[in-house]
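Proteins come first, then strands; the chains are lettered A, B, ... in the order of their sequence lines, and each starts at number 1.
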Amino acid sequence: MTASDAGTTAATETTAVGAAAPTGDGSGLYLVDGSGFIFRAFHALPMLTRPDGTPVNAVLGFSNMLLKLLADIKAEAVAVVFDSKRLNFRNEFYPDYKAHRPEPPEELKPQFALIREATEAFCLPCLELEGYEADDLIATYARLAQEAGREVTIVSSDKDLMQLVRPGVGMFDPMKNKTIGPDEVFEKFGVAPDKVVDVQALAGDSVDNVPGVPGIGVKTAAQLITEYGDLESLLANAGKIKQPARRQKLIDFADQARVSRRLVLLDDNAPPPKPLDELRVREPDHQKLIDFLRAQGFRSIVTRVEMEMQKDGRLADGATFPAAAPSASSAAAATPAAADAAVPPSAAAGPEERPARRTVLTVPEVRYELVQDADALRAWVDRARETGVLAVDTETDSLTPATATLVGVSLSTAPGLACYIPLAHVAPGTVAGQLDFDAPPPPVQIPTSEAMAILKDVLEDPSVLKIGHNFKFDHQLFARNGIRVAPVDDSMLISYVLEGGAHGHGMDELAELHLAYTPIPFKEVCGTGKAQITFDRVPLDKALAYAAEDADVTLRLWTLLKPRLVDERLVTVYETLDRPLIPVVADMERAGVHIDRQALAGLSQDLSVRLAEIEKDVHALAGQSFNIGSPKQLGEILFDGLKLGTGKKGKTGAYSTDSSVLEELAEQGHTIAQRVLDWRQLAKLKSTYTDALQEKISPVTGRVHTAFALAATNTGRLSSTDPNLQNIPVRTEEGKKIRRAFIASPGHKLLSVDYSQIELRLVAEMANIQALKDAFRDGLDIHAATAAQVFGIPLEQMTPDIRRKAKAINFGIIYGISGFGLSRQLGIAPGEANAFIKAYLERFHELKVWMESIKTFARQHGHVVTLFGRRCYMPGIQDKNAARRAFAERQAINAPIQGTAADIMKRAMNRMPAALAAAGSSARMLLQVHDELLFEVPEAEAEDTARIVRGVMEGAAQLGVPLVAEAGIGDNWEEAH
DNA sequence: GGTCTCACG
DNA sequence: GACGTACGTGAGACCT
């Protein structure tokens with residue numbers, strides 16, 4: 001099992017298993033969009049030249065793709081379609097069509113002819129026709145083939161071809177390795193394929209210079225077409241559109257929309273340059289193909305083709321993984337072919353396939369070795385010493401590293417060169433936890449202890465940099481085996497520092513993004529759901545392919561991303577904030593926290609009884625039995641059945657029943673609403689906390705081990721999962737009982753230290769608000785002080801209600817204030833809230849300036865920056881939709897504040913272990929809750945440790961406002977907090 | 001798998 | 001002039 005994604009939000013799986021499985025009946029026709037492919041391959045692959053200097057990266061991508069396609073679809077027909085050089089019929093009625101297209105890059109130009117040569121070398125027909133684009137020919141042949149009863153697959157990712165998708169005509173994107181069917185088209189355009197041209201006619205396309213209707217994008221277009229059926233009906237009914245601006249645009253630009261539709265509509269009546277019947281499979285002329293490939297310097301492909309020829313004389317599947325047979329660890333033989341070593345493996349991968357076939361054909365440039373004896377492992381260690389870098393990945397039987405069993409380790413010392421060392425594999429098919437004396441013996445493996453002894457030297461060698469993806473996971477596993485890995489680099493954290501907020505940072509997602517490569521999905525190796533197996537049951541050949549690839553990809557990502565830290569001035573953020581956190585947080589997770597199981601079980605029991613009572617009451621009040629936990633049923637009972645007001649419906653048409661709605665009803669005297677609120681609170685506590693937490697107690701350590709995600713949030717905060725220990729109840733009396741179940745080990749105390757008002761202090765600091773800074777320096781009650789200043793009331797006359805209002809505004813500032821939000825929070829009229837904000841901004845005029853400057857910066861750069869230089873990307877800041885843009889603007893205000901607080905906390909955490917050690921404290925840091933740290937400390941050391949921790953936290957940043965940290969000590973978390 | 005609701009900072 | 005709203009998270013239950 002891998003943990004590569006564990007630190008981030010789950011990466012979307014782009015590859016559906018079994019996608020694009022060819023029909024294989026021999027009648028299918030594959031129409032390859034040659035022109036489209038050239039551009040995409042050119043931009044996706046690194047530059048590569050022939051010995052004579054001719055650029056060939058797109059040619060290699062194209063050749064790989066064809067090879068893959070031919071191997072996969074066997075005896076079916078493939079034709080490659082190209083644009084003609086000249087203008088086409090569209091320019092006759094719209095001269096500007098594609099007028100803005102820049103000239104192709106110089107490195108691409110010579111590759112056009114080479115790609116036609118490549119097609120011929122593969123003995124595949126080239127289709128092109130003057131006056132027509134490739135897309136028109138594809139449309140034409142798709143129609144002809146379909147009329148002849150043949151299935152058609154269009155190999156392209158061009159959205160302009162999506163209009164052709166229909167029963168019998170599919171698309172396949174060879175670079176993303178993804179089929180495009182009606183669902184994918186709908187995802188892209190918001191309508192079925194047959195309505196795509198209508199949407200495009202409205203939305204236009206700046207790349208092709210299709211004008212469309214100004215102000216209408218794909219989203220709006222899809223909505224309009226869905227409502228009115230098609231373009232003509234929409235234009236005929238344009239007068240009925242509610243939004244005045246939109247109505248006028250549709251009337252003014254009706255003809256432009258019609259022209260746009262003609263531009264995007266493909267002509268499926270082109271005169272076919274070759275008869276359909278000629279598009280059959282032809283036996284490739286291997287010698288011709290080899291000559292061509294050799295002339296380009298594609299040594300590794302040539303080898304593959306030759307191997308296939310020796311085998312059975314034609315391109316076929318069934319090849320075996322080259323490294324699956326343990327090779328002696330001769331480094332020379334393992335060096336990838338120089339000519340195309342820079343190409344990511346299978347950048348031109350074809351359709352999804354069985355694991356056994358993801359082999360020579362898709363991963364041509366790699367040498368993966370299975371290491372089963374100590375000498376072979378030592379050779380890898382030696383190689384790491386030579387290179388000074390070593391990518392490392394561990395495989396385990398669970399995602400909880402504090403308790404998981406180490407199943408194997410993979411290493412990589414150079415791109416394409418990796419190994420897998422199985423350690424705890426059993427014979428495939430072995431049933432877990434069952435004694436079976438007839439079971440086959442486990443495979444040959446180095447004993448874990450011996451392997452660890454060999455690895456320890458290099459993993460702790462200060463001159464060898466260890467690289468991982470989400471290395472915190474691996475760090476824990478090695479720590480449990482007595483190895484403190486250092487120094488380490490983490491490709492996930494580097495990506496997070498470079499592009500946090502722009503996308504996820506799981507390995508698969510980054511491989512797609514940066515390497516145009518789809519790693520073997522975990523589920524392809526271990527299955528999914530009930531049939532899922534643990535990694536120790538995976539056969540070694542599959543384990544090798546998967547695990548070695550992870551180390552390989554990690555190293556490739558690191559090679560690509562690490563230099564950017566310097567280029568983009570982000571080294572300090574990475575080196576001082578995120579990288580040092582790896583061992584610190586790994587140790588926290590490994591420590592875990594002690595939980596009183598009996599206390600939780602007692603609470604669960606108690607809650608069960610009370611929930612049953614409340615449920616009876618609610619059913620009686622409703623006059624019928626129903627599921628209180630179903631918002632849908634509850635809404636219908638309250639508003640349709642009991643008619644307690646009209647109820648407000650959300651966008652899904654369901655009644656809203658959230659606490660604000662129920663509280664309002666309760667205030668009107670409806671007992672049932674209050675009872676439902678009570679039920680909700682208790683049900684939440686029971687299911688999320690008292691029940692779930694008990695199950696998270698590890699049988700191995702007797703403690704609960706959360707996972708802190710280091711690369712998940714948009715602001716630099718950590719998050720906590722499985723279980724989330726950053727949202728343990730604290731506000732209500734019932735909730736506090738749960739917190740009391742978090743206890744110290746015998747002889748120990750829990751110590752909780754939290755920053756006081758850190759975010760508001762940072763607002764004062766960053767916006768340089770003199771009055772606020774003074775108030776903090778004077779140690780005043782900050783909410784009372786702001787109330788006094790904003791409302792002009794002397795502190796002596798302060799009332800709790802006025803202070804409450806000031807507090808709400810202070811919070812609002814941090815959130816990127818809006819009158820609406822504040823009015824809702826305080827239950828006052830929006831006008832009144834706006835007046836408060838106005839008064840606040842007048843009193844603290846520096847704030848307004850600061851907020852404007854942040855928004856301007858965000859608009860210009862697409863990101864904001866914390867005090868310590870961390871970037872937070874906000875993609876929505878340029879959004880055309882005003883609401884989404886406003887949202888992004890509030891994020892832009894909040895992110896530097898929240899993010900700087902997170903940076904400061906990270907600085908404190910990073911300094912903590914050394915500070916504790918220097919003071920002789922044996923306290924262990926257990927949890928971080930954004931502005932709070934929780935420690936477990938021997939009773940006798942508690943007071944001293946509290947002082948040390950406060951000192952580290954308060955000294956974590958030197959600002960114009962003081963940082964204040966407050967400590968509490970107790971037998972349980974509630975007491976300490 | 002999406003939506004709603006709610007626990008925390 | 002319309003839009004949809006306080007920022008950041010994760011988990012469980014329901015429902016399709």
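A/Lys906 has its side chain within reach of A/Asp578: a pair of non-hydrogen atoms, C-beta onward, lies under 4.5 Å apart. A/Leu959 is not listed as a side-chain neighbour of A/Phe776, based on a closest heavy-atom distance of 4.5 Å or more. In this structure, A/Leu224 and A/Leu250 have side chains that are in contact, with non-hydrogen atoms separated by less than 4.5 Å. For the pair A/Met909 and A/Val585, the minimum side-chain heavy-atom distance is below 4.5 Å.
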Could you walk me through whether A/Val584 and A/Phe708 pass side-chain contact (heavy atoms from CB on, under 4.5 Å), step by step? CA-CA 11 Å; A/Val584 175; A/Phe708 288 102; over 6 Å; no
Take A/Arg885 and A/Asp879, measure what salt bridge (charged side-chain N to carboxylate O under 4.0 Å, His left out) needs, and give me the verdict at the end. CA-CA 5 Å; A/Arg885 204 171 51 244; A/Asp879 204 301; over 6 Å; no
How far apart are the C-alpha atoms of A/Arg740 and A/Asp596, what are their side-chain angles, what is the distance that settles it, and do they pass the salt bridge (charged side-chain N to carboxylate O under 4.0 Å, His left out) test? CA-CA 8 Å; A/Arg740 287 188 199 114; A/Asp596 184 345; over 6 Å; no
Let's go through A/Lys737 and A/Glu974 carefully: what are the C-alpha distance in whole Å and the side-chain angles of both, what is the deciding distance for salt bridge (charged side-chain N to carboxylate O under 4.0 Å, His left out) to 0.1 Å, and is it a yes or a no? CA-CA 8 Å; A/Lys737 291 181 184 166; A/Glu974 201 272 318; over 6 Å; no
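In the region residues 679-687 of chain A, proximity to DNA chain B at under 4.0 angstrom, judged on heavy atoms, holds for A/Arg680, A/Gln681, A/Lys684. Of all the residues in residues 727-743 of chain A, A/Asn727, A/Ile728, A/Pro729, A/Val730, A/Arg731 reach under 4.0 Å from DNA chain B with at least one non-hydrogen atom.
Put simply, A/Thr688 has no side-chain N or O that comes within less than 4.0 Å of OP1 or OP2 on C/dA11. Of the side-chain N and O atoms in A/Thr715, none sit less than 4.0 angstrom from OP1 or OP2 of C/dG8. Considering only side-chain N and O atoms, A/Arg890 lies under 4.0 angstrom from the phosphate OP1 or OP2 of C/dC7. Put simply, A/Asn627 has no side-chain N or O that comes within less than 4.0 Å of OP1 or OP2 on C/dA13. Applying the 4.0 Å criterion to OP1 and OP2 of B/dT5, one finds that A/Thr657 has a side-chain N or O inside that range. Phosphate contact (OP1/OP2 of C/dA13, side-chain N/O of A/Ser630, threshold under 4.0 Å): absent. Between A/Gln891 and C/dG8 there is a side-chain N or O to OP1 or OP2 distance below 4.0 Å.
Nucleotide C/dA13 holds its C1' atom 14 Å from the CG atom of A/Leu611, rounded to whole Å. If you measure from atom OH of A/Tyr815 to atom C1' of C/dT9, you get 12 Å, rounded to the nearest angstrom. For the pair A/Lys805 NZ and C/dA6 P, the computed distance is 20 Å after rounding to whole Å. At whole-Å resolution of the value, CG in A/Asp691 and P in C/dA11 are 16 Å apart. Going from atom CD of A/Gln248 over to atom P of C/dA2 covers 15 Å, rounded to whole Å. In this entry the distance linking NZ of A/Lys632 with C1' of C/dT16 reads 10 Å, nearest Å. Atom CD of A/Gln726 is separated from atom C1' of B/dC8 by 8 Å (rounded to the nearest Å). Going from atom CD of A/Glu759 over to atom C1' of B/dG9 covers 7 Å, rounded to whole Å.
Using a 4.0 Å heavy-atom distance criterion, A/Gln898 is classed as a base contact. A/Ala892 comes within 4.0 angstrom of no nucleic acid atom, judged by non-hydrogen atoms across all strands. The residue A/Phe887 sits close only to the backbone: its heavy atoms come under 4.0 Å of sugar-phosphate atoms, none of a base. A/Asn881 comes within 4.0 angstrom of nothing in the nucleic acid, heavy atoms only. Residue A/Asp722 is in sugar-phosphate contact alone, with no base atom involved, counting any heavy-atom pair closer than 4.0 Å across all strands shown. Residue contacts shown for A/Gly812 include a base, since a base heavy atom lies under 4.0 Å away.
With hydrogens and angles ignored, no donor-acceptor pair under 3.5 angstrom links the side chain of A/Arg884 to the base of C/dG4.
A salt bridge between A/Asp678 and A/Arg610 is absent, with no side-chain N of the basic residue lying under 4.0 Å from a carboxylate O of the acidic one. Under 4.0 Å is where a charged nitrogen must lie from a carboxylate oxygen, and between A/Lys848 and A/Glu842 no such pair does.
Other residues, nucleotides and ligands place no more than 12 heavy atoms under 6.0 Å from the CD atom of A/Glu664. Within 6.0 Å of CD in A/Gln624 there are more than 12 heavy atoms belonging to other residues, nucleotides or ligands.
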Pair assignment for DNA chain C - dot-bracket with | for other-strand partners, Watson-Crick or G-U under 3.5 Å: ......|||||||||.
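Of the candidates B/dG9, C/dA11, B/dT5, C/dA11 carries the atom nearest the A/Thr721 side chain, counting heavy atoms from C-beta on. Closest to the side chain of A/Pro631, out of B/dC4, C/dA6, C/dG8, is B/dC4. For A/Asp658, counting side-chain heavy atoms from C-beta on, the closest listed nucleotide (B/dC6, C/dA6, C/dT9) is B/dC6. Considering only side-chain atoms of A/Gln633, the nucleotide from C/dT9, C/dG4, C/dC15 that sits closest is C/dC15. Considering only side-chain atoms of A/Ala882, the nucleotide from C/dC7, C/dC3, C/dT5 that sits closest is C/dC3. With C/dG10, C/dG12, C/dC7 as the choices, the nucleotide that has an atom nearest any side-chain atom of A/Asn724 turns out to be C/dG10.
The aromatic rings of A/Phe811 and A/Tyr815 lie tilted to each other, with the angle between the two planes from 30° to 60°. The aromatic rings of A/Phe626 and A/His619 lie tilted to each other, with the angle between the two planes from 30° to 60°. By the 30° and 60° cut-offs, the orientation of the rings of A/His863 relative to A/Phe857 is perpendicular.
Nucleotides B/dG2 and C/dA6 are separated by 24 Å at their C1' atoms, to the nearest Å. Across C/dA2 and B/dC6, the matching P atoms stand 33 Å from one another, rounded to whole Å. Taking atom C1' in both C/dC3 and B/dA7, one finds a spacing of 30 Å when rounded to whole Å.
Comparing A/Leu822 and A/Thr713 by the nucleotide of DNA chain C whose heavy atom lies nearest to each, the residue mapping closer to the 5' end is A/Leu822.
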